[in-house]
Amino acid sequence: MESEKLEQVWRAVCDQVKSYNNIDPSQINAFFSRLQPQAMSEDFLMLTADNDFIKTWIERHYVDFIKQALMDLYRTAFTVLIEVDIAAEAARANPAAPAPATGASTAGAPAAPATSAGAATGTPASDGGHATAGEPAVVQPAVQQTATEQAPRAAHAAAAYEARGCEELEGDPYDEDETDGPDRPTSTLTFENFVIGDSNRMAYSMAVAVAEMPGKAHLNPLFIYGKSGLGKTHLLRAIQNYVHETMPNLSTIYVDSAELLSDYMEASAAHDKEKSSYKNFKTRYEEADVLLIDDVQYLQGKKQTLDIVFQIFNKLTGQGRQVVLSADRAPKNIDIDERYKSRFNSGGTFDIQPPEIETKLGIVKSFVDEYRATEGKASFAIPDDIQMYIAESSSSNIRELKSAVTKVIYQMTFFNQPDLSLDDVRSLLENHFSGGPSKRLTIADIQKEVETFYKVSHADLVGKKRTRNIIYARQIAIYLSRQMLDLPFNDIGKKFNRDHSTVMYSVTNVEEKMKESRELREELETLKQLIREI
């Protein structure tokens with residue numbers, strides 16, 4: 001009876017989600033049929049997915065709709081936890097084993113790269129909803145004949161949830177073999193599946209050198225910088241995985257700067273009550289043989305945290321232990337004390353540039369190969385013209401590129417359209433890309449908006465005049481062309497009748513001025529918005 005009640009509640013949630021605006025009921029039927037309710041209390045719902053990709057896809061695209069539906073039905077804010085059904089996943093890996101009778105399609109889906117973030121943000125608009133009377137009954141974990149291990153697993157997770165004071169669960173408390181938290185390696189991000197091109201070759205080589213021999217003086221610290229989505233986190237995780245696999249006696253810690261800041265704040269808040277908390281915080285990081293800190297630019301303005309990081313940094317490097325840092329800009333462009341910049345820059349500093357078309361195409365092919373290997377679909381292929389279209393249309397952000405490939409794979413497999421044409425893909429990805437040919441944005445578009453904004457003629461913008469207002473507008477246009485289109489300096493220079501070095505100088509000059517001028521930063525955001533609305 002309890003299992004029937006749980007299924008009834010889940011059906012009501014599904015119906016509620018399908019009632020929302022901008023929701024395609026057929027997609028809800030397709031995706032939600034791959035979910036099974038396992039446990040529910042007055043403000044907690046646990047679901048299982050039949051593979052990791054479905055779990056990740058639901059978390060990114062639909063978990064907020066599920067929460068909204070629960071709120072509309074029960075007037076209570078719910079925590080929604082999604083786990084992978086081990087029995088179903090094992091059956092997929094071993095076709096000889098009896099398949100779980102979920103009644104859902106078993107169409108393949110690519111394994112999602114491991115990420116540190118789970119659910120997507122954003123709250124869907126509510127249409128009200130057909131709320132049922134009263135609070136939801138507490139429902140015990142449902143026992144499925146096709147996944148006998150899942151019931152105690154769900155019960156354990158639900159119990160842990162209650163024990164932790166209704167905090168969001170991270171990871172799976174039933175997995176005792178894996179290390180919890182940021183120390184756990186991310187197995188999907190390795191050197192083997194990092195696509196190398198001219199834009200990232202040096203950073204890749206130095207990351208490999210550090211992984212093979214941590215603590216080498218001339219690469220300690222190793223500082224890797226570049227725009228978001230170019231592969232910095234991939235390289236840091238690849239170092240962690242390589243060391244973990246080849247030198248398991250060494251302790252590796254990967255931490256994002258936001259998580260590091262949170263750890264420090266918690267330790268500081270408890271400092272007066274529990275003297276050991278602050279000491280334990282420092283000790284954890286100071287005992288690492290390899291410490292990897294991602295996105296250190298977010299520590300700008302966090303003086304106390306920076307001081308602690310600096311102390312940990314000096315102790316580790318002084319003892320010959322490896323520190324690896326990443327940021328979205330070079331150390332000299334991070335707004336921190338000069339002594340930090342000097343120390344961060346004291347080892348090897350290497351940048352990752354936006355990928356060339358060849359590199360992006362290589363990433364597309366690599367992702368398709370990964371899908372074939374993961375799903376056992378040796379004959380699966382995406383036509384070459386579609387692969388090239390995705391590579392040419394995507395921005396420099398590799399996450400966006402992989403997301404586009406995932407959409408195409410899903411359309412071909414899950415929705416059974418193996419003969420997808422290029423026109424079909426153009427329609428499918430019409431609003432997907434943040435830049436590139438899909439939006440038909442060109443240097444000429446940027447020049448036109450800049451000319452209008454600063455009231456200069458096109459002839460002056462690309463000509464030889466060197467009055468102050470024209471030089472200023474020209475440098476802004478060059479900077480925006482680089483930032484918004486990710487084009488090589490030479491290509492930009494041709495459109496402004498300038499050489500490679502002039503374009504580089506213009507970009508650097510604007511970046512330097514932005515650090516000191518809030519007005520310029522706001523001005524550039526206004527211009528970007530005008531250009532995007534073309």
Inset, instruction - Might you work through the side chain to side chain donor-acceptor pair (under 3.5 Å) test for Asp424 and Ser427, ending with a clear yes or no? - result: CA-CA 5 Å; Asp424 293 333; Ser427 177; over 6 Å; no
Inset, instruction - May I ask you to decide if Gly197's main-chain N or O and Glu356's side chain share a donor-acceptor pair within less than 3.5 Å? - result: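 No; zero donor-acceptor contacts below 3.5 Å.
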Legend entry - Donor-acceptor under 3.5 Å (Asn220 side chain, Val323 main chain): yes
Inset, instruction - Applying side chain to side chain donor-acceptor pair (under 3.5 Å), run through Ser394 and Glu400 and close with a yes or a no. - result: CA-CA 7 Å; Ser394 66; Glu400 178 184 274; 5.3 Å; no
Qualifying residues under side-chain hydrogen bond (donor to acceptor under 3.5 Å, both in side chains), relative to [X], sequence neighbours excluded:
{"X": "Ser326", "result": "Asp294"}
{"X": "Tyr298", "result": "none"}
{"X": "Asp289", "result": "none"}
{"X": "Asp328", "result": "none"}

Legend entry - Mutual orientation of the aromatic rings belonging to Phe414 and Tyr410 [parallel < 30°, tilted 30-60°, perpendicular > 60°]: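 Because their plane-to-plane angle is under 30°, the rings of Phe414 and Tyr410 count as parallel.
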Inset, instruction - Give a yes or no on whether Phe380 atom CZ has more than 12 heavy-atom contacts from other residues, nucleotides or ligands under 6.0 Å away. - result: yes
Donor-acceptor contacts, no H, no angles, side chain residues 203-215, under 3.5 Å, sequence neighbours left out:
from, atom 1, to, atom 2, distance (Å)
Ser205, OG, Arg201, O, 3.0

Inset, instruction - Give the C-alpha distance, both sets of side-chain angles, the deciding distance and a yes or no for side-chain contact (heavy atoms from CB on, under 4.5 Å) between Val80 and Leu47. - result: CA-CA 8 Å; Val80 176; Leu47 305 166; 4.2 Å; yes
Legend entry - Worked verdict on Asp307 versus Tyr340 for side chain to side chain donor-acceptor pair (under 3.5 Å): CA-CA 9 Å; Asp307 284 343; Tyr340 301 134; 2.2 Å; yes
Legend entry - Evaluation steps, salt bridge (charged side-chain N to carboxylate O under 4.0 Å, His left out), between Glu512 and Lys515: CA-CA 6 Å; Glu512 290 296 323; Lys515 291 193 299 181; 3.2 Å; yes
To check you understand the geometry: which heavy-atom pair defines the closest contact between [X] and [Y], and what is its length?
{"X": "Val507", "Y": "Arg482", "result": "CG2-CB, 4.0 Å"}
{"X": "Val408", "Y": "Leu429", "result": "CG2-CD1, 4.2 Å"}
{"X": "Lys55", "Y": "Ala49", "result": "N-CB, 3.7 Å"}
{"X": "Leu306", "Y": "Leu299", "result": "CD1-O, 3.3 Å"}

Inset, instruction - Please lay out, stage by stage, how Asp337 and Phe310 fare under the test side-chain contact (heavy atoms from CB on, under 4.5 Å). - result: CA-CA 11 Å; Asp337 190 276; Phe310 195 54; over 6 Å; no
Inset, instruction - Can you tell me which residue pairs pass the ring pair (Phe, Tyr, Trp, His ring centres under 6.0 Å) test with a partner in residues 217-236, sequence neighbours excluded? - result: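 Every ring pair (Phe, Tyr, Trp, His ring centres under 6.0 Å) pair that includes a residue of residues 217-236, provided the two are not neighbours, is Phe194-His234.
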Taking only residues two or more places apart in sequence or in another chain, which ones pass salt bridge (Lys or Arg N to Asp or Glu O under 4.0 Å) with [X]?
{"X": "Lys341", "answer": "none"}
{"X": "Asp423", "answer": "Arg426"}
{"X": "Asp491", "answer": "none"}
{"X": "Arg343", "answer": "none"}

Legend entry - Set of side-chain contact (heavy atoms from CB on, under 4.5 Å) partners for Ile312, sequence neighbours left out: Tyr285, Glu286, Leu291, Ile308, Leu316
Legend entry - Qualifying salt bridge (Lys or Arg N to Asp or Glu O under 4.0 Å) pairs with a residue from residues 221-235, counting only residues at least two apart or across chains: Lys227-Asp486
Legend entry - Intermediate values then yes/no, side-chain contact (heavy atoms from CB on, under 4.5 Å), Leu35 and Ile58: CA-CA 9 Å; Leu35 298 175; Ile58 295 293; 4.1 Å; yes
Legend entry - Test item: Gln322 and Val324 side chains (from C-beta on) under 4.5 Å apart, heavy atoms: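 They are in side-chain contact.
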